[in-house]
Asks: 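What follows is a structure written as C-alpha cells; I'll ask about it next.
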There are 2 protein chains.
Amino acid sequence: MNPTIYDVSRLSGVSTATVSRAFSDPDKVRESTRRKVFEAAEVLHYYPNAIARAMARQRTDKIAFLICKKDATILDEFYASICESIMKESNRSDYQLVISTASDWNQTPNTAQSRQIEGVILGGSASADLVTEFQSRNTAVVMVNNRLPGVDVPYVLSDEYGGVRLVVEHLASRGHKNIAMLAGRFSPYIVGERYNAFLSVTKEFGLKVSAQNVKMCDADVESAAQAAEELLRQKNRPTAVFGANDVIAAGVMKAARRLKLRVPEDVAVVGFDDSAVCTMLEPELTSVHINCQRMGELGMEHLRALLAGETCPSVTVVPVELKVRGST
Amino acid sequence: MNPTIYDVSRLSGVSTATVSRAFSDPDKVRESTRRKVFEAAEVLHYYPNAIARAMARQRTDKIAFLICKKDATILDEFYASICESIMKESNRSDYQLVISTASDWNQTPNTAQSRQIEGVILGGSASADLVTEFQSRNTAVVMVNNRLPGVDVPYVLSDEYGGVRLVVEHLASRGHKNIAMLAGRFSPYIVGERYNAFLSVTKEFGLKVSAQNVKMCDADVESAAQAAEELLRQKNRPTAVFGANDVIAAGVMKAARRLKLRVPEDVAVVGFDDSAVCTMLEPELTSVHINCQRMGELGMEHLRALLAGETCPSVTVVPVELKVRGST
DNA sequence: CTTCGCATTGTAAGCGCTTACAATTTATTT
DNA sequence: AAATAAATTGTAAGCGCTTACAATGCGAAG
C-alpha cells in the first residue's frame, strides 16, 4: 500500500530512526542527511502515518467539539460560526478535530475514550455528568456558551448581561419607557441569563416592567409572532420589544406588520445574536453582535493550555457589541 | 493509563485473541466466555483502542467531509444541513467523520493520506485536480452539489432545473408574463444551472425575457437590493422576480419595500433554498426547498458503497419541492 | 597521537490490537 | 466407544512508527 518509513530508509540509505527524526524532530539530524531523507520521501510520495505515530507516541493530538442540543437543527448559524473558528484554530496547532453532536455518539465518553480523544470543547447544554465523566477519564474539557453551577471547568461565555445592558440603554436613550421582552424556549442557560439581565437592568434604569410585558414562547418565528401579537394588542402597548434572539425578534416584526404597526415608529424591535437575517429584514434589525469567532478561538486556546498542562482562566467573558439598525 | 486488552485477558482468564474476538466478532466466541470477557471489561472500564485497532487491521474507517468554498462563511445554512445529515449517517455506520474546509488543510490530499482517510465527500466547488489527486491515492471520492465536466466521480445533485421549472410554472400560472431573474455570484456551478434553467424554461413557456430583466449581483443582501432596485425602476417593470437564492430574494423584497411596491401585489418574489429566513420575512418568501438531508444521506451511502468495493450511480438527482408562501 | 566530549546515527523494543495458524475442546457420526 | 468434523481458544507475528540506549564519527584538548 502506502510507502512506509522502511521504504524511505532503504532508498535514502539511513536508518528508520533517522527518517523518523527527520520528520518529527528535524534539528536532530544533520542538514545533509535530512535532505537525503526528504528527497527519498518525495520520490516515494511518503507521508508519515498519523495512526502509527499516535500508537508509538501514545498521543493522538485529537480533540473534539461536541455540540449538545436537543433542537432539530444542531448546526445553527451560531454554532456553525464557533465551529468554523475552532476548525481554523485547531488546524493551526496541528490538532485533529472531530466535530460531533452529543446525541450522535450514543455513549459519548466511551466513544471518545475508544477513539483516544484527548480534549473536548463542549458547546451548548451539556450536563454536569458529561463533564465529570470526561474529567474522570483524564480528558481535558472546556465549556463554551453554557454554565453549570458548581462544575469546575473553564468556561468561555459571551457577555449576556452586557449585551442586554446595551439594549436597554439604547432603548432608554431613545426615550422608551415601556419596554417588553419576549423570551423563547431555547438554551435554558442563555435564556435565563438574558431574562434575568433584562429584569435587573430595567430596574437599574428605573423602568418598570409589568408582568404582562415579559412573555415566554417557543423558539420558532410563528410562536414568537403569536406571542408578540398578544403583547402588542394590550391597551398599554409597549413601545419597544426586546426579543431574546433574532428569530424571536423577527417574529415580533411579523406581528407588528400584521397589526399594521410601523417599525420603529410605533414599536421598536431589538434582537440578539446579530445573525444573517438581521440585514435581510426590512427595516434591518438592531441586534447584539456575539463574537463567535473569538469564543471559538478562546475555547481552543484554553483547551490547548489544559493539554499542555498549563492553567487557564476559569471564566472568560467575550465582549459583545450593539449593532444599531433601522428597527429602533 | 487506560486498560488494554491484556488487562482484560488476565482478569477474565482467556487469551487476548479471545478478548479481541469478543469485541470485534462476538459470534466467534462462546456465549459464556463472552460474558466473562465483558464483565472483566466492565470492571476495568475497558474500551477497545481504535488507534491500535486501525493499526492492526490496516483500516481506519475514517472518512472526511470537505467543504470547498472561498466565501467568508463556510458553514452556511445549506452546508451545515448537509453536514448534519452526513454526521448522522456516518455515525450509524460506525465511520469516523472528519469535517473540514479545504482551505484549512494546507495540503489537503497529503494530510488526508497522512491521517489515513479512506474516503472523502467533497462539497462545493472543488477542483478537478483535487478529485483526481484523491483518486490517484486510492481514496474514494463522492461529490455533492457540484459538477465537474469530464470528471468521473459519483455526483449527488439537487434538481436545479426542476426547481427553476417549478418556479416559472408557478409564476406563469399566477398570470405573470414579465418575469425577471436576479442571480448572485456564489457557487459558479449552481448559479449557472439556475440561470440556464431559467432561460430555457421561460422560453419553453413562451415567456420572453429581455436582457435587462436578467441581472447579476454580488451574493449579499445589499448588492441584491441595489440590483433589484434598478430592475424594479424600469418603465416596463417585471411583475415577478426570481432570486437565485433566498438571500438574493430577500434583497429583492427590501428593494420592493424601499420603492413602496407591495409584495406580492405589485411584484411577486421567489427564492431558492427554502432557508430559515423564508418564514421570518413578511410576507413569507416562496422558495424551492432543497432536500439537504437526503443529499447528505446519499453522499454517505455512495461513499460507503465505494469503500465496500460496490458500484454506485454516477449521477443522483435529488428532487426539490416548491414552498408557496405569501410573496407570490 | 591519544583521549574525551559532543553531535549524529543505528539497533531494537515496544505501543494495543488483529488474525493466520496451531492446538484444544466439544459435538456428531458410525 | 472410536473416529471425524466443527467450534472454540491460544500462540505469536506483525501493523508503521518512536525513542531509550548503544555505537559511531569527529574535532578539540591534552
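Here is the naming used below: chain letters follow the sequence lines, and residue numbers restart at 1 for every chain.
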Asks: Whole angstroms only, please: what is the NZ-P distance between Lys28(B) and dT9(D)?
Replies: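 Lys28(B) atom NZ is separated from dT9(D) atom P by 12 Å.
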Asks: I'd like to know whether CZ of Arg92(B) has more than 12 heavy-atom contacts from other residues, nucleotides or ligands below 6.0 angstrom.
Replies: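 No, the 6.0 Å shell around CZ holds no more than 12 heavy atoms from other groups.
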Asks: Determine the contact category for Phe23(A): base if any of its heavy atoms lies under 4.0 Å from a base atom, sugar-phosphate if only primed atoms, P, OP1 or OP2 are that close, otherwise nothing.
Replies: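 It contacts nothing in the nucleic acid.
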Asks: Has Glu310(A) got more than 12 heavy atoms of other residues, nucleotides or ligands less than 6.0 Å from its CD?
Replies: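 Yes - once you tally the heavy atoms of other residues, nucleotides and ligands closer than 6.0 Å, there are more than 12.
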Asks: For Glu42(A), does the CD atom sit with more than 12 other heavy atoms under 6.0 Å from it, leaving out its own atoms?
Replies: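 Not more than 12 within 6.0 Å, no.
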Asks: Where each residue is assigned the nucleotide of DNA chain C containing its nearest heavy atom, which of Thr18(A) and Tyr6(A) is assigned the position nearer the 5′ end?
Replies: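 Closer to the 5' end of DNA chain C: Thr18(A).
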Asks: Could you tell me the separation between the CZ atom of Arg34(B) and the P atom of dA7(D), rounded to a whole number of Å?
Replies: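 These atoms are roughly 15 Å apart.
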Asks: Does Lys69(A) use its side chain to pair, donor to acceptor, with the backbone of Thr73(A) at less than 3.5 Å?
Replies: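 Indeed, once roles are kept as given, a pair shorter than 3.5 Å links the two residues.
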Asks: So does Asn110(A) have more than 12 non-hydrogen atoms from other groups sitting under 6.0 Å from CG?
Replies: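 Yes, enclosed.
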Asks: For Tyr47(A) and for Asp27(B), locate the closest nucleotide of DNA chain D by heavy-atom distance; then report the residue assigned to the nucleotide nearer the 5' terminus.
Replies: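 Upstream on the strand: Asp27(B).
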Asks: Between Glu31(B) and Val19(A), name the one whose nearest nucleotide on DNA chain D is closer to the 5' end.
Replies: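 Final value for this comparison: Glu31(B).
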Asks: Which is the 5'-most and which the 3'-most nucleotide of DNA chain C that has an atom under 4.0 Å from a heavy atom of chain B?
Replies: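 Counting from the 5' end, contacts occupy dG16(C) to dT26(C).
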Asks: At 4.0 Å (heavy atoms only), tell me whether Thr4(A) reaches a base, stays on the sugar-phosphate, or touches nothing.
Replies: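 Thr4(A): backbone/sugar contact only, no base atoms under 4.0 Å.
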Asks: I'd like to know whether the aromatic ring centres of Phe38(A) and Phe23(A) sit less than 6.0 Å apart in this structure.
Replies: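 When the ring centroids of Phe38(A) and Phe23(A) are compared, they turn out to be within the sub-6.0 Å range.
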